[in-house]
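Data first, discussion second: the structure below is written as structure tokens.
The structure presented is a predicted model; accordingly, all values stated were derived computationally and were not measured.
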Amino acid sequence: MRVSSGFIPTVKETPADAVIPSHQLMIRAGMVRALAAGVYAYLPLCYRSFKKAMEIIRQEMDAIGAQELHLPALSPIELWEETGRVKAFGDILFHLKNRPLVLAPTHEEVICWLAKNHISSYKEMPQIWYQIQTKFRNEPRPRSGVLRGRQFIMKDSYSLDSTWNGLDKSYDLHAQAYKKIFARCGLNFFIVGASSGAMGGTGSQEFMMESNAGEDIIAVSADNSNAANVEVATSRVPAAPRDSESKALKEVRTPNIKTIDQLAEFLTVDHNRLAKSVVYWADETPVLVLMLGNDELNEAKLMTAMGTEVRPIEAEKLLALTGADGGSIGPVGLRERTPASAKFKIVADNRLRGANNLISGANKNDFHIMNIDLERDCTIDSYYDLRTINPGEESPNDTGPLRVVKGVELGHIFKLGTKYADALHAKFLDENGKEQPIIMGSYGIGVERIIACHIEQNHDENGIIWDKSLAPFMFHLVAVGTKSKTVIEASEQLYAAMQAAGLEVLFDDRTDVSPGFKFKDADLLGMPFQVIVGEKNLAQGKIEIKVRKTGERSFVEKESLILHLKSLIED
RNA sequence: CGGGGCGUAGCUCAGCCCGGUUAGAGCGCUUGGUUUGGGACCAAGAAGUCGCAGGUUCAAAUCCUGUCGCCCCGACCA
């Protein structure tokens, strides 16, 4: 491809609307243009990279015996009514105005329809079907360039099995394939256990990449072997100590003490003697939550523990119920002094299980109670893991200290089970002639996210730095000094020779821009190797090669250039 | 859905508060000339219903109302 006649609209200035590096660079490098919020045109350079990523995906999917197919984007809304997903997706689902059709946000229903009509025996399974297609979701807030769009390219595959063991096998095949795919794309990823959300099903894992542009917060061990969403993450932290002797309760005056730190200092005690109280509503029930020291309550964990939505109690309401303000609440005597109708629940974090000689609020402003024994002096309804982990704490499987990072979800694999087959009556006859629902799995990868994440991870102040696996072109041939006939001739010859040798080359043959302009563009576009043809080097029979990633330059004899370039690809 | 910001030339933006020449700059584009190893220079040009609709006014890019679009934060996110 020649730059002079190609469509690569680069821009010097950083576009105002783009905030994250990948978005800025994809616009500056002439890869994408936004047509509407969350809707992008993928220009030639971009699409070449997409095709690279898709080809890697295809190879690895084919390798596990998956079969590629192509499904309609339009599907009858009736199909989605049957699985209850018109309601589940809500506003995310794009509806058509003049036909009872929807734009598919994913394809479980269509796969299930196919399976229902054509899979009737256990002998016909397992099957793995996949598609690499555009999906449509009316995201309430598209953002971060192509990372969250209203239409996007997704590799989605679906497994059909006759047994639960079969599903496990199909699922594991995908997990293995995904590891290979992301590794081949040069991405650092980690795997986190995930909730299945509205997809339903019995298990799922996410493939995440660490990135500041990410929307998920993940705790990951130093060696990336252990990762979990902070909403469920745990760490190794010691429990509060239990002394052999529980001392007698004692009320102490603690004037103007508002925080745990102030309290620890005022009473000169360690944090692990302090039980912090926070009060929430779980539906209409007030819940006193005890946390050790300065441990932060994790609302998502509380929600899971309570099995319902939770929200912090209002300050006035708390005062009205207990007669004390937030800083002075505690478990001792709480139920006695609050109206029975309130039905106060008291729960505590696991770190406090059975602890004694604790200090907590006295339910009286400016007073605390010392030497509380949670077993002797109050009734804890339940203990749960409720704390938010902190960076630096030891990971639960002893694989080093945890980091807390933002992550982008690159892929997600689900064991769906029989939810869809049940709803759409996709059944088969098993070995005993008994009718059973088909057991499904579904497995997605975001193609745009592979490219955008790669750019997020591989760029500098000058532009993109492509990995060889995803680069639109392996080589960027730059003719410097296009007034010189020798340069023009030599670069044209090289271009032809490189193409003949099957090398992917972008040829900057422009005669109307300065060398500096070409160099800036070459760095911006970020092909792995720049092959620079200049008059001075040419006079000595040499061609210059610049490695984009390192900036390292070398000079190669013109005659041996093609061989040399081939060796560069091999490394 | 809550909060904030922005819509003026292809791009980045000034002008708006405080209404009043013919609406500007830089980049890009066209033509001619000079340049050519890190986003060159000179000259001459083309390019805008100031997002849209209504209102106030002798007069609106500027003030008011509505509306549409875009970005950011939050909520949400198979």
[M] and [N], which share atom name [atom1], separated by this distance in whole Å:
N	M	atom1	answer
B/G7	B/A14	P	7 Å
B/G5	B/A47	P	36 Å
B/G15	B/G2	P	31 Å
B/G54	B/C17	P	22 Å
B/A23	B/G48	P	12 Å
B/C63	B/G39	C1'	43 Å
B/A60	B/G51	P	15 Å
B/A61	B/G19	C1'	10 Å

What are the residues of residues 477-485 of chain A, sorted by number, that bring a heavy atom to within less than 4.0 Å of RNA chain B? A/V480, A/G481, A/K483
Would you call the rings of A/Y47 and A/F50 parallel, tilted or perpendicular, taking 30° and 60° as the class edges?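 Tilted.
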With under 30° as parallel and over 60° as perpendicular, where do the rings of A/F94 and A/F136 fit, or are they tilted in between? perpendicular
By the 4.0 Å heavy-atom rule, please label [X] as base, sugar-phosphate, or nothing.
X	answer
A/K546	base
A/R28	base
A/R553	base
A/L524	base
A/T511	nothing
A/P105	nothing
A/D523	base
A/A18	nothing
A/E215	base
A/N537	base

Rounded to whole Å, how long is the line connecting atom [atom1] of [X] with atom [atom2] of [N]?
X	N	atom1	atom2	answer
A/K12	B/G38	NZ	P	15 Å
A/Q530	B/G38	CD	P	14 Å
A/R143	B/C71	CZ	P	11 Å

Who pairs with B/G66 - Watson-Crick or G-U, where each distance is under 3.5 Å: B/C52
Of the nucleotides B/C71, B/G37, B/C77, which one has an atom closest to the side chain of A/A37? B/C71
Could a donor-acceptor pair under 3.5 angstrom be found where the side chain of A/E13 meets the base of B/G28?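 Answer is no: no donor-acceptor pair is held.
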With a cut-off of less than 4.0 Å, is there a side-chain N or O of A/S514 near OP1 or OP2 of B/U36?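 It does not, given that no N or O in the side chain of A/S514 lies less than 4.0 Å from OP1 or OP2 of B/U36.
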Side chain to side chain contact (heavy atoms under 4.5 Å, CB included) partners for A/P140, two or more places apart: A/I92
Checking side-chain polar atoms at under 3.5 Å, does A/Q176 have a donor or acceptor matched by the opposite partner on A/E60?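 The criterion, which ignores hydrogens and geometry beyond distance, is not satisfied for A/E60 and A/Q176.
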With a cut-off of under 6.0 Å to the ring centre and 45° to the axis, is A/K542 in cation-pi contact with A/F555?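 A/K542 over A/F555 ring: no.
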